Amino acid sequence: MREGIAQAIKRADYAAPAYWIRSVELTFDLDPARTIVASRMRVERNASGNGGALRLHGEDIEPLRVLANGQSVSFRVEGRELVIDNPPEGDFTLEIRNTCAPEKNTHLSGLYTSGGGFFTQCEAEGFRRITYFLDRPDVMAVYTVTLRANKARYPVLLSNGNLVEQGELDNGRHYAKWHDPFPKPSYLFALVAADLVAREQHVRTRSGKDHLLQVWVRRGDLDKTEHAMNSLIASVVWDEARFRLPLDLERFMIVAVGDFNMGAMENKGLNIFNTKYVLANAATATDSDFADIESVVGHEYFHNWTGNRITCRDWFQLSLKEGLTVFRDQEFSMDMAGSASARAVKRILDVRTLRERQFPEDAGTMAHPVRPDEYVAIDNFYTATVYEKGAEVVRMMQTLVGREGFAKGMALYFERHDGRAVTCDDFAQSIADANPGSELARTLPHFKRWYGRAGTPHLTARGRYDAPTRTYTLALEQHTPATPGQAEKLPFVIPVAMGLLTRDGRPMALRLEDEPADKAAEERVLVLDEARAFYTFVDVDSEPVPSLLRHFSAPVRLHDGLSDDELLVLLAHDPDPFNRWEAGQRTALHRLLAAVRDGQPLQLDAAFVEAMRGVLRHETLDPAFKDLTLTPPTETYVAEQLDHVDPQRIHAAREAMVLQLARDLRADWEWAWETHQVGGAYSPDAVQAGRRALANPALQMLCLDATARGDVLWQGKAYQRFKDASNMTDRQGALWALLASHSEMADPALQRFHDQFRDDALVIDKWFILQAAAPEKDGRVFARAKALLKHPDFTLANPNRARSLIRTLCGENPAAFHRTDAAGYVFWAERVIELDAINPQLASRVARALDRWATLAEPYRSAAREAIARVAARAELSDDVREVVTRALES
Ligand code: TRP
Ligand code: ZN
């Protein structure tokens with residue numbers, strides 16, 4: 001724990017380093033209590049700098065000895081830096097020997113132990129917790145790494161690049177030497193020393209080169225690696241096919257580790273993964289786990305080019321690699337999904353994440369631009385804004401230059417910047433320069449406001465039909481509310497993909513006035529680059545229903561003022577499946593908001609129920625799409641539409657809506673349940689998974705309705721399914737049906753689930769998640785969550801486990817968390833404080849559960865503020881948590 005309040009680091013202060021480190025040889029004598037690190041660096045003065053003291057980063061490590069050109073040199077440790085005031089003239093060799101204590105490293109940043117092995121996590125600033133270094137991404141070096149360790153305990157020794165030597169040493173020890181030919185920033189360094197086994201696969205890339213792929217896991221987990229390996233092979237093939245980016249390494253390794261702060265890490269040639277994103281088989285993982293694994297394996301693999309070959313000049317540019325790589329993994333998953341409707345399902349899921357996580361962030365106390373201007377703890381900026389909104393910014397570029405144009409832009413980006421550390425400007429410039437004459441090239445300086453300005457723009461649309469002239473004029477207007485530190489907002493460049501439908505649902509030809517008659521497509525992209533603009537369509541025979549922002553073509557909030565009747569036209573007929581789903585969500589949202597605003601019990605009207613029945617019974621719609629459409633907007637999303645949020649009222653309204661859909665569509669849910677069973681061997685493919693994605697919610701609805709009527713028949717069926725299920729998706733689905741309908745059989749089922757899976761950590765995580773996520777009723781869920789803190793399987797030391805209970809309750813179950821007696825906020829404050837002493841990164845993520853406290857209604861608002869103030873008043877807090885709670889109190 002550090003003292004005092006750390007200073008904010010500002011983007012405007014960027015300066016190139018005074019020294020470069022061009023190569024480094026590292027030798028590790030691995031010992032859990034005291035590891036010795038010997039580092040030998042080639043240091044060069046930066047010709048354009050003015051020399052002076054050499055200041056190396058270092059944190060929670062002890063120096064033993066420092067030599068420059070083989071001679072001892074005087075140094076001092078000043079805060080978190082090792083300073084050499086008088087380094088030799090010219091280029092020199094610097095040798096440093098230091099120690100660190102991996103088994104005491106509970107931050108899981110730097111070198112730490114997990115499950116009896118050694119693992120590293122260096123992004124963003126973990127390398128300095130291993131040895132003294134210029135730990136910044138613009139310093140790129142060639143690494144040669146020797147690992148020495150006890151052979152029986154650590155039979156596998158891995159680092160980046162290629163294995164060049166290995167052998168035996170005295171005292172039961174052995175060694176391995178690795179060399180990575182690609183210069184890289186320190187955050188991409190990795191090592192692993194553990195007792196692991198690998199699934200291996202050779203692949204041949206288009207150039208005819210052979211590559212070895214490995215997935216390393218603990219003994220006993222090998223039967224859960226097939227899907228990760230298949231995902232990796234698919235990623236290699238996809239990046240070569242779509243972007244002509246081949247695998248550049250002889251060997252590509254994935255290692256799974258049980259204690260990990262994030263999802264996974266793209267270390268060059270040695271990706272380290274949270275076990276959650278590697279291990280899966282039919283019995284232990286759900287369809288969505290399988291999908292997540294595919295997307296994270298893809299994400300880390302794609303970083304090899306977008307992140308590793310071209311990296312970030314400084315951490316303000318984080319979205320250069322993250323936004324782009326999320327965009328790439330989204331495209332990969334869509335291409336893998338195949339059918340148009342499976343693609344749409346993936347797009348809907350991504351937009352849901354954006355709107356439920358990033359929109360609140362952009363409106364809350366931690367709002368920041370995709371390229372932030374300042375930070376205290378960089379770990380706090382691995383956010384939905386940098387990742388998900390960053391991906392939307394890249395997607396808009398693709399929309400503005402076309403898919404081919406975007407591929408050309410990527411090619412130019414690599415031609416110009418391969419092997420370098422660059423900025424978001426360099427990326428946008430490449431895409432624009434490769435597409436002269438495009439809308440991106442035309443608007444580039446304005447377009448780049450997406451990088452620099454926080455906040456979600458509001459886009460208002462109003463259409464006017466003029467029958468005598470057969471014209472339809474669409475007025476588009478944008479406005480962005482102020483965010484902390486950014487009062488004024490200039491207009492963004494907003495691509496609006498759109499179409500017009502007749503009232504009976506037929507697409508119209510779209511021709512703007514002054515355009516030739518042959519220019520009439522049925523979908524087009526309007527580019528709004530001013531505060532307001534008018535678009536007049538000609539030859540419009542009847543008053544249209546506008547379908548705007550198709551595919552969610554820009555990360556904005558659309559207000560088009562469409563009536564319910566108009567939305568129902570889109571729900572039934574829009575050729576764009578995204579907008580079809582959106583229309584259904586909006587009809588549901590209108591009803592939820594009305595009930596929440598006037599506090600009346602929600603009563604569903606026949607038109608809405610019939611529309612939902614129409615979707616559920618539709619002959620051609622994809623089952624997964626039906627599930628998404630019949631699921632009302634989440635409580636979090638409803639809350640985002642309101643200025644004064646009463647989480648309990650929202651919960652009551654949504655529960656009432658779900659119950660009525662269960663009741664009024666009972667026969668239809670029965671039909672859905674019966675007709676969407678899957679026979680034969682389990683496969684996580686989109687077709688099978690899609691059927692389960694409708695059958696399981698159908699079971700839940702049937703349980704809910706039956707239980708409300710005092711009938712236990714469906715509970716019995718759900719319990720039976722729970723017991724007999726041949727895969728985790730169905731087992732968890734049935735268990736959830738029991739939990740969500742507050743069935744008395746939920747407890748015995750939970751007990752049985754625990755007995756059956758007690759030795760599988762990832763499944764026990766699910767066991768905690770299900771209980772913390774269950775719909776709140778009479779405070780029982782909160783009480784159970786509190787009790788679970790004392791369960792022998794619970795621990796704060798393992799991030800997955802801590803998140804399963806705490807993040808789920810505080811971040812994903814508003815009705816259990818926001819209580820009128822403030823007990824949820826007390827729970828939150830206690831956990832943040834406890835966690836901060838162990839793992840600041842994790843603590844600060846939990847801390848963010850109260851980002852939106854200022855929009856809460858009383859009594860929640862005052863109680864939440866008090867809890868935040870209580871945390872902020874602590875003398876001992878990490879920079880991570882301090883930054884989050886301080887910003888929260890400033891609003
Ligand atoms: N670069 C990683 C990714 O997105 C993210 C990551 C992994 C990370 N571990 C981290 C970020 C620890 C901060 C701290 O693929
Ligand atoms: Zn990433």
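Quick caveat, the model's predicted, so the values are computed rather than measured. Counting starts at 1 for both ligands and their atoms, following the listed order.
- At least one N, O or S atom of Glu322, from either the backbone or the side chain, sits less than 2.8 Å from the Zn ion (ligand 2).
- Contacts of Met262 with ligand 1, taken as heavy-atom pairs under 4.0 Å, involve the side chain alone.
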task: Could you walk me through whether Phe316 and Tyr375 pass ring pair (Phe, Tyr, Trp, His ring centres under 6.0 Å), step by step?
output: CA-CA 9 Å; Phe316 296 103; Tyr375 59 77; 4.9 Å; yes

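- Below 3.5 Å of separation, one finds an N or O of Gln121 facing an N or O of ligand 1.
- When the options Gly126, Ala124, Ala264 are ranked by their closest heavy atom to atom 6 (C) of ligand 1, first place goes to Ala264.
- The aromatic rings of Tyr154 and Phe118 lie tilted to each other, with the angle between the two planes from 30° to 60°.
- Under 3.5 Å, the side chains of Thr325 and Thr306 contain a donor-acceptor pair of N or O atoms.
- Counting heavy-atom neighbours within 6.0 Å of Arg874 CZ, excluding the residue itself, gives a total of 12 or less.
- Within ligand 1, counting atoms from 1 as listed, the ones closer than 4.0 Å to a heavy atom of Tyr382 are 11 (C), 13 (C).
- Surrounding CZ of Arg357 are at most 12 heavy atoms belonging to other residues, nucleotides or ligands under 6.0 Å away.
- Among all protein heavy atoms, the one lying closest to atom 4 (O) of ligand 1 is Tyr387 OH, 2.6 Å.
- Applying the 4.0 Å criterion to heavy atoms of Met265 picks out, from ligand 1, the atoms 1 (N), 2 (C), 7 (C).
- Taking the six-membered ring for Trp and the full ring otherwise, the centers of Trp305 and Phe414 sit less than 6.0 Å from each other.
- At least one N or O atom of Glu266, backbone or side chain, sits closer than 3.5 Å to an N or O atom of ligand 1.
- In this structure, Phe119 and Tyr112 have tilted ring planes: the angle between them lies in the 30° to 60° band.
- For ligand 1 and His299, the ligand atoms under 4.0 Å from any heavy atom of the residue are 3 (C), 4 (O), 15 (O).
- Proximity to Glu300 (heavy-atom distance under 4.0 Å) selects the following atoms of ligand 1: 3 (C), 15 (O).
- The shortest N or O to N or O distance between Gln841 and ligand 1 is not below 3.5 Å.
- For ligand 1, the atoms lying closer than 4.0 Å to a non-hydrogen atom of Lys321 are 1 (N).
- Between Tyr382 and Tyr387, the ring planes lie tilted relative to each other; the angle falls in the 30° to 60° range.
- When hydrogens are left out, the protein atom nearest atom 1 (N) of ligand 1 is Glu123 OE1, 2.5 Å; that is the closest non-hydrogen contact.
- Note: Tyr413 and Phe427 have perpendicular aromatic rings, judged against thresholds of 30 and 60 degrees for the angle between ring planes.
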